[in-house]
Number of protein chains: 2
Amino acid sequence: MLIERAAAMLGRHEPVSLRSVVAGTGVSTMAVYTHFDGMPGLWRAVRQEGFARLEEQIAAVGITDDAVRDLTALGVACTENALSAPDLYRVMFDAATGSEDATATATTSAAATDETFDALVDAAARARAAGRFRADIDPARLALRWRAAGHGLTMLVLGGVITASTARAEAETVATALFVDAGDDPDRCRRSVAAGWAD
Amino acid sequence: MLIERAAAMLGRHEPVSLRSVVAGTGVSTMAVYTHFDGMPGLWRAVRQEGFARLEEQIAAVGITDDAVRDLTALGVACTENALSAPDLYRVMFDAATGSEDATATATTSAAATDETFDALVDAAARARAAGRFRADIDPARLALRWRAAGHGLTMLVLGGVITASTARAEAETVATALFVDAGDDPDRCRRSVAAGWAD
DNA sequence: GCGATGCTATAGCAGCGCTATGTATTCTGG
DNA sequence: CCAGAATACATAGCGCTGCTATAGCATCGC
């Protein structure tokens with residue numbers, strides 16, 4: 001399928017153009033228009049494919065009785081997904097790539113993000129129910145803070161500003177700071193966060 | 001100059017192309033090649049212009065005796081700079097935009113980031129010297145955490161995933177969590193962070 | 001004054017996304 | 001089972017992109 005092909009070319013740092021993506025497949029450029037309504041539609045499909053892969057990786061994170069570990073591990077899964085396919089990640093979250101209308105991209109990203117984001121919110125809610133976080137903590141807000149911080153570190157890695165190992169170390173500190181701020185016990189939080197990276 | 005023109009067109013959401021940027025200026029397309037070595041060079045120049053403006057806005061943040069407030073305010077200045085010119089911010093930090101070689105963009109961003117980043121590191125160092133942070137805190141690492149979190153929230157706003165007001169609220173919580181984690185007194189930290197937004 | 005050097009304008013290249021058009025193929029109704 | 005309708009296809013070409021080769025012009029050193 002053209003979507004997988006586009007994603008593969010993206011990973012190989014090859015330019016993905018209307019003509020290059022259909023070259024060798026035997027199909028013509030018109031197929032892109034009948035199936036995807038043009039290149040913006042193909043980018044949209046690639047974006048959804050990226051979110052599907054992210055969702056898959058998110059689902060692979062097991063649920064344990066340590067919800068704080070789970071919450072950490074979910075964030076780690078997002079980051080690992082991004083670093084394993086940087087260009088795809090950029091297509092997913094950067095409205096400029098694919099030169100599509102920014103608002104359309106935003107809608108797609110926001111909707112697709114919600115699904116993968118639910119897992120983090122659930123983990124945060126479970127942690128609160130287990131007494132790890134204060135009762136007045138909004139799980140969605142806490143998950144957003146954690147996800148946004150990870151997203152920022154990831155984007156800086158993708159932009160070449162910092163290295164992946166630096167981001168890894170700082171993410172651990174940030175996670176601990178956020179979760180302790182939400183009410184978790186510092187020592188216990190540190191252990192849970194560390195466990196979140198231990199596969 | 002073509003750089004300002006390109007930045008202005010970027011802000012007006014107009015497509016910035018070789019021909020469109022020179023249209024009306026009287027100069028020919030060749031000027032872009034003699035002065036900027038092609039479109040990638042022009043994007044590089046626009047990026048530097050963006051960092052210059054950011055540096056200007058960073059410099060406008062006054063130094064007070066409350067270094068934590070200053071550190072917060074510097075992060076706020078970065079965010080405000082981004083939201084006031086979203087497309088320019090994307091060009092600055094997104095390697096894909098301008099379709100330049102990713103590594104070259106990374107080098108430019110990393111180097112230019114260092115200069116604007118120094119102000120945050122200095123503020124963090126002053127806060128540590130004032131006893132607000134623990135002695136074992138690395139100012140550069142703490143500043144990176146704060147900046148990365150703000151960057152992540154900003155990118156999500158630019159991507160349409162969250163609103164600016166949501167980012168504003170979460171940034172305050174994140175800043176407090178990070179600075180308290182670094183050793184600051186919770187109540188005092190909250191006041192300083194809040195003051196960071198109060199212009 | 002004059003040759004040399006550097007900048008500029010023009011024309012044209014290959015590539016891009018996209019569309020109009022004619023053809024083939026596949027569903028659908030009787 | 002077959003005619004008619006609807007859909008998907010390949011081709012050719014449009015206007016645009018970044019870029020470059022060439023020719024003309026200005027300026028500077030001597």
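Chain A is the first sequence line, chain B the second, and so forth, proteins listed ahead of strands; every chain is numbered from 1.
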What is the distance, to the nearest angstrom, from the [atom1] atom on [X] to the [atom2] atom on [N]?
{"X": "A/Asp37", "N": "C/dG17", "atom1": "CG", "atom2": "P", "result": "15 Å"}
{"X": "B/Met39", "N": "D/dC16", "atom1": "CE", "atom2": "P", "result": "16 Å"}
{"X": "A/Trp43", "N": "C/dC16", "atom1": "CH2", "atom2": "P", "result": "13 Å"}
{"X": "B/Tyr33", "N": "D/dC19", "atom1": "OH", "atom2": "C1'", "result": "4 Å"}

Exercise. Using a cut-off of strictly less than 4.0 Å between a heavy atom of the residue and any atom of DNA chain D, enumerate the qualifying residues of residues 18-27 of chain B by number.
Key: B/Leu18, B/Arg19
Exercise. Scan residues 5-25 of chain B for pairs that pass side-chain hydrogen bond (donor to acceptor under 3.5 Å, both in side chains), counting only residues two or more places apart or in two chains.
Key: B/Arg12-B/Glu14, B/Ser17-B/Ser20
Self-check item: Between CG on residue A/Leu74 and CZ on residue A/Phe117, distance to nearest 0.5 Å
Solution: 10.5 Å
Practice problem: Measure the CE-NE2 distance between B/Met30 and B/His35 for me, rounded to the nearest 0.5 Å. | Solution: 10.0 Å
Quiz item: Among the clusters formed by ILVMFWY side chains lying less than 4.5 Å apart, do B/Val180 and B/Val174 turn up in the same one?
Solution: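 No, B/Val180 does not connect to B/Val174 through the hydrophobic network.
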Quiz item: For C/dC7, does either OP1 or OP2 sit under 4.0 Å from a side-chain N or O belonging to B/His35?
Solution: no
Quiz item: Is the shortest side-chain N/O distance from A/Ser28 to OP1 or OP2 of D/dC9 below 4.0 Å?
Solution: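 No, no such contact exists.
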Exercise. With heavy atoms under 4.0 Å as the rule, sort B/Ser17 into base, sugar-phosphate or nothing.
Key: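 B/Ser17: backbone/sugar contact only, no base atoms under 4.0 Å.
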Quiz item: Between B/Trp146 and B/Phe179, what is the ring plane arrangement, given parallel below 30°, perpendicular above 60°, and tilted in between?
Solution: perpendicular
Quiz prompt | salt_bridge(A/Arg132, A/Asp185) N-O dist < 4.0 Å | solution = no
Quiz prompt | Protein proximity profile, nucleotides 22-28 of chain D - base contact B, sugar-phosphate-only contact S, no contact -, cut-off 4.0 Å on heavy atoms | solution = -------
Practice problem: Applying side-chain hydrogen bond (donor to acceptor under 3.5 Å, both in side chains), run through B/Thr176 and B/Thr173 and close with a yes or a no. | Solution: CA-CA 5 Å; B/Thr176 305; B/Thr173 304; over 6 Å; no
Practice problem: Would you mind reporting whether B/Ile58 and B/Cys78 have side-chain heavy atoms less than 4.5 Å apart? | Solution: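 Of all side-chain heavy-atom pairs linking B/Ile58 with B/Cys78, at least one is under 4.5 Å.
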